**Student:** 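One structure, as structure tokens, below. Some questions next.
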2 protein chains.
Amino acid sequence: MTKLIDVAKAAGVSIATVSRVLNNPETVNADTQQRVQQAIKSLNFRPSRVAQRLRSKGGNSKIIGLVLPDIQNPFYVDVIRGIEEVMYEHGYAAIMCNFAQDEKRERLYLDILKSESIDGLIVAPVHGRDQKVAGLVLSGLPIVCIDRGLTGVEADVVLVDNQQGAYDAVSHLIKLGHRRIAYISGLPQIPTSRARLAGYEMAFRENELVVDEELIKYGDSKHESGMKLTEELLALPTPPTALFTGNNLITLGALETIHRQGLKIPEEIALVGFDDMYWSISLNPPLTAVKQPGFEMGKRAAELLFQRIKDPSRPTAKVVFDAKLQVRSSCGATTIKTS
Amino acid sequence: MTKLIDVAKAAGVSIATVSRVLNNPETVNADTQQRVQQAIKSLNFRPSRVAQRLRSKGGNSKIIGLVLPDIQNPFYVDVIRGIEEVMYEHGYAAIMCNFAQDEKRERLYLDILKSESIDGLIVAPVHGRDQKVAGLVLSGLPIVCIDRGLTGVEADVVLVDNQQGAYDAVSHLIKLGHRRIAYISGLPQIPTSRARLAGYEMAFRENELVVDEELIKYGDSKHESGMKLTEELLALPTPPTALFTGNNLITLGALETIHRQGLKIPEEIALVGFDDMYWSISLNPPLTAVKQPGFEMGKRAAELLFQRIKDPSRPTAKVVFDAKLQVRSSCGATTIKTS
DNA sequence: ATTATTTATGAAAACGTTTTCAGTAATTAA
DNA sequence: TTAATTACTGAAAACGTTTTCATAAATAAT
């Protein structure tokens with residue numbers, strides 16, 4: 001690795017001058033500058049980011065942390081892509097930490113990131129009262145939360161109106177005549193799970209229907225749990241006529257169980273999922289789903305993070321995107337009216 | 001941030017001793033050790049990885065780089081999960097770089113990683129003669145290639161027998177009676193695209209059939225290109241009776257086009273894809289596909305990387321996994337025999 | 001012509017570790 | 001009892017930057 005001193009020698013200046021050419025070119029004489037630039041180019045010099053980070057901490061180490069619950073969920077992949085898009089433009093790199101919905105793992109990653117002296121952090125906290133993340137916010141590290149906010153501490157957050165999205169989905173099912181609508185939730189401690197439940201309940205309330213508690217199931221937001229809970233629901237004495245699934249992976253699990261049991265969608269069981277995928281149209285049947293703009297959310301989060309890195313004292317922002325119902329064919333009118 | 005000196009003061013020792021307790025506990029007296037450990041705990045001290053990395057370069061900075069072509073492709077997501085699994089066990093973090101099949105972007109990320117003093121790198125090079133990656137290998141950085149090897153330079157590599165996988169897929173179609181089988185390839189410069197083409201051609205040759213060049217299309221390995229090229233194929237005077245798609249995303253694109261045109265699978269057009277997804281069974285129809293064990297590949301790559309970090313001189317390894325055809329219902333017998 | 005100001009540069013400290021080297025205290029060998 | 005090891009520990013250098021401070025040269029002001 002060529003370093004500052006090599007360039008300095010080649011250009012016949014001190015390392016301070018080389019550093020200045022790199023960071024404050026205007027403070028150095030034009031032809032010295034030229035000589036240094038030349039040396040830099042010919043030696044193909046690139047400053048060590050590690051040394052940079054060690055020396056000048058806070059705000060120009062060009063690396064951020066990314067802490068997400070589940071990289072297997074296409075929604076978060078979209079988020080990552082959005083974040084990466086704007087990171088790349090700024091010459092930033094990201095340390096990716098996938099904590100798989102496991103709080104212990106999240107903690108470990110946060111510790112690592114802390115000791116990596118990152119400039120900032122984008123995180124979807126395990127739950128709203130995540131002390132570890134809250135502590136980092138308080139410590140002054142620029143942080144923006146995505147998908148889920150933090151209660152009790154001020155922090156930027158980018159998310160979707162989950163309650164509204166769920167409400168729309170369930171209302172749609174109700175309008176189609178469904179009355180026994182099950183909700184397969186993700187982990188109950190995740191704020192989005194609760195918000196979506198609230199939307200579900202709101203739809204029932206507004207239609208003067210009562211929710212049957214046995215139709216609400218809690219899982220762990222993964223494919224397997226979607227499969228298993230769907231089995232349980234279908235095994236009920238009076239099974240639901242429609243399913244509202246709490247996220248992407250649950251939806252796919254539910255689909256698998258339904259197909260394995262040879263049930264017809266939507267004739268025998270209707271399905272609406274939270275989270276759309278660009279290939280939802282190719283599912284069997286094309287899936288009706290609530291779409292979150294993951295890519296845009298990621299971009300927005302990254303932009304907010306840069307803003308905060310630049311100006312740590314700016315007031316916190318809460319960006320709420322719309323969740324839009326994409327109607328396809330997985331939830332036609334019910335044949336088994338139960339009202 | 002509490003640092004070595006704080007712990008040292010609290011324990012009444014020098015920073016050297018604290019460092020030793022951390023790295024070579026056996027060299028320090030038992031009760032001193034205890035005192036230091038106590039101080040570490042009570043101050044909640046964690047060494048700065050940045051300083052560690054700057055000081056002792058090569059092999060214990062606990063961070064690696066991850067350079068992949070397309071995070072949107074579920075195959076790479078599996079790979080990442082596998083890698084992450086073993087990274088996590090070792091307390092390593094990964095800087096994730098998604099170069100989106102763009103060589104310029106790959107180069108920039110590699111430069112960044114270099115100046116981050118990573119311990120090692122797992123990469124799927126843009127193409128076999130990737131000079132940038134080759135240069136890094138030559139420079140002595142521990143590297144393992146995944147999904148695609150490097151020609152002309154010795155490096156560890158983990159991949160799948162692409163030719164065999166493609167051969168199996170196309171043979172299967174031929175056995176079902178198909179003769180006009182199209183191949184939608186990803187970017188031709190990607191080694192896997194070529195290996196899969198070779199498998200395709202081999203299947204034809206072994207069955208004493210000739211390939212019709214107009215049925216081979218090259219795209220950019222993404223969803224859109226899968227859609228577009230499928231349209232082109234279907235618009236042919238005598239369209240193919242079966243499609244072999246070169247990767248995940250192309251398959252989904254093809255599916256979308258086929259559905260939009262209202263064609264029946266497999267009656268009007270059969271489909272076999274390269275890359276399976278765990279939800280392939282929920283597609284319409286359940287997809288027959290060649291499955292790569294992405295998760296295992298990722299784990300293996302990470303293990304190889306650790307081995308090489310420990311012993312940079314060990315001979316390079318080439319790990320070839322099997323690609324297994326998962327037969328589902330997207331490619332029944334053809335009705336339009338053309339032989 | 002002298003002083004004050006500006007411009008351009010370098011020397012050296014600092015960031016937080018690891019590691020070498022040397023030295024002291026304790027143990028063993030003679 | 002003295003010499004030779006051995007076991008611990010600390011001082012200081014090193015990693016590659018950025019930045020402060022001082023200084024020399026050049027310019028402007030008197």
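Model, not experiment: these values are computed from the prediction. Labels below follow one simple rule: chain letters A, B, ... track the order of the sequence lines, proteins then strands, and each chain is numbered from 1. Worth knowing before you read on, the calculation uses all heavy atoms, side chains too, and leaves out hydrogens, waters and symmetry mates.
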**Student:** Taking B/Glu116 first and then A/Arg53, would you say they form a salt bridge - that is, a charged N and a carboxylate O separated by under 4.0 Å?
**Tutor:** yes

**Student:** Go through C/dT9, D/dC8, C/dG10 for me and flag the one nearest to the B/Asn29 side chain.
**Tutor:** D/dC8

**Student:** Using side-chain heavy atoms (C-beta onward) and a distance below 4.5 Å, is B/Leu121 in contact with B/Leu110?
**Tutor:** yes

**Student:** Side chains of A/Val319 and A/Val157: does their closest heavy-atom pair fall under 4.5 Å?
**Tutor:** no

**Student:** Does anything in residues 107-119 of chain A come within less than 4.0 Å of DNA chain C? Heavy atoms only, and list the residues if so.
**Tutor:** none

**Student:** Report, one pair per line, the protein and nucleotides 24-26 of chain C atoms (nitrogen or oxygen only) whose separation is under 3.5 Å.
**Tutor:**
none

**Student:** For B/Phe321, is the NZ or CZ atom of B/Arg300 found under 6.0 angstrom from the centre of its six-membered ring and inside 45 degrees of the ring axis?
**Tutor:** no

**Student:** For a quick check of understanding: with a heavy-atom distance under 4.0 Å over all strands, which category does B/Val50 fall into, base, sugar-phosphate or nothing?
**Tutor:** nothing

**Student:** I need a per-nucleotide contact map over nucleotides 14-21 of chain D, read 5' to 3'. Cutoff is protein heavy atoms under 4.0 Å; write B for the base, S for backbone only, - otherwise.
**Tutor:** BBBBBBB-

**Student:** Is there a side-chain contact between B/Thr27 and the phosphate of D/dC8, meaning an N or O under 4.0 Å from OP1 or OP2?
**Tutor:** no

**Student:** Salt bridge or not for A/Asp6 and A/Lys9, using N-O below 4.0 Å?
**Tutor:** no

**Student:** Between the side chains of B/Asp111 and B/Lys132, is the shortest nitrogen-to-carboxylate-oxygen separation below 4.0 Å, so that they form an ion pair?
**Tutor:** yes

**Student:** Apply the test salt bridge (Lys or Arg N to Asp or Glu O under 4.0 Å) to residues A/Arg314 and A/Asp156: give CA-CA distance (whole Å), side-chain angles for both, the deciding distance (0.1 Å), then the verdict.
**Tutor:** CA-CA 10 Å; A/Arg314 93 156 147 62; A/Asp156 291 321; 3.1 Å; yes

**Student:** Return no unless some side-chain N or O of A/Thr32 is found under 4.0 Å from OP1 or OP2 of C/dT9.
**Tutor:** yes

**Student:** With no hydrogens and no angle check, just 3.5 Å: does a side-chain donor-acceptor pair link B/Tyr88 and A/Asn98?
**Tutor:** no

**Student:** Is it true that B/Glu303 and B/Arg308 have a side-chain N and a carboxylate O under 4.0 angstrom from each other?
**Tutor:** no

**Student:** State whether B/Asp70 and B/Lys222 are salt-bridged, where the test is any N-O pair (Lys NZ or Arg NE/NH1/NH2 against Asp/Glu carboxylate O) under 4.0 Å.
**Tutor:** yes

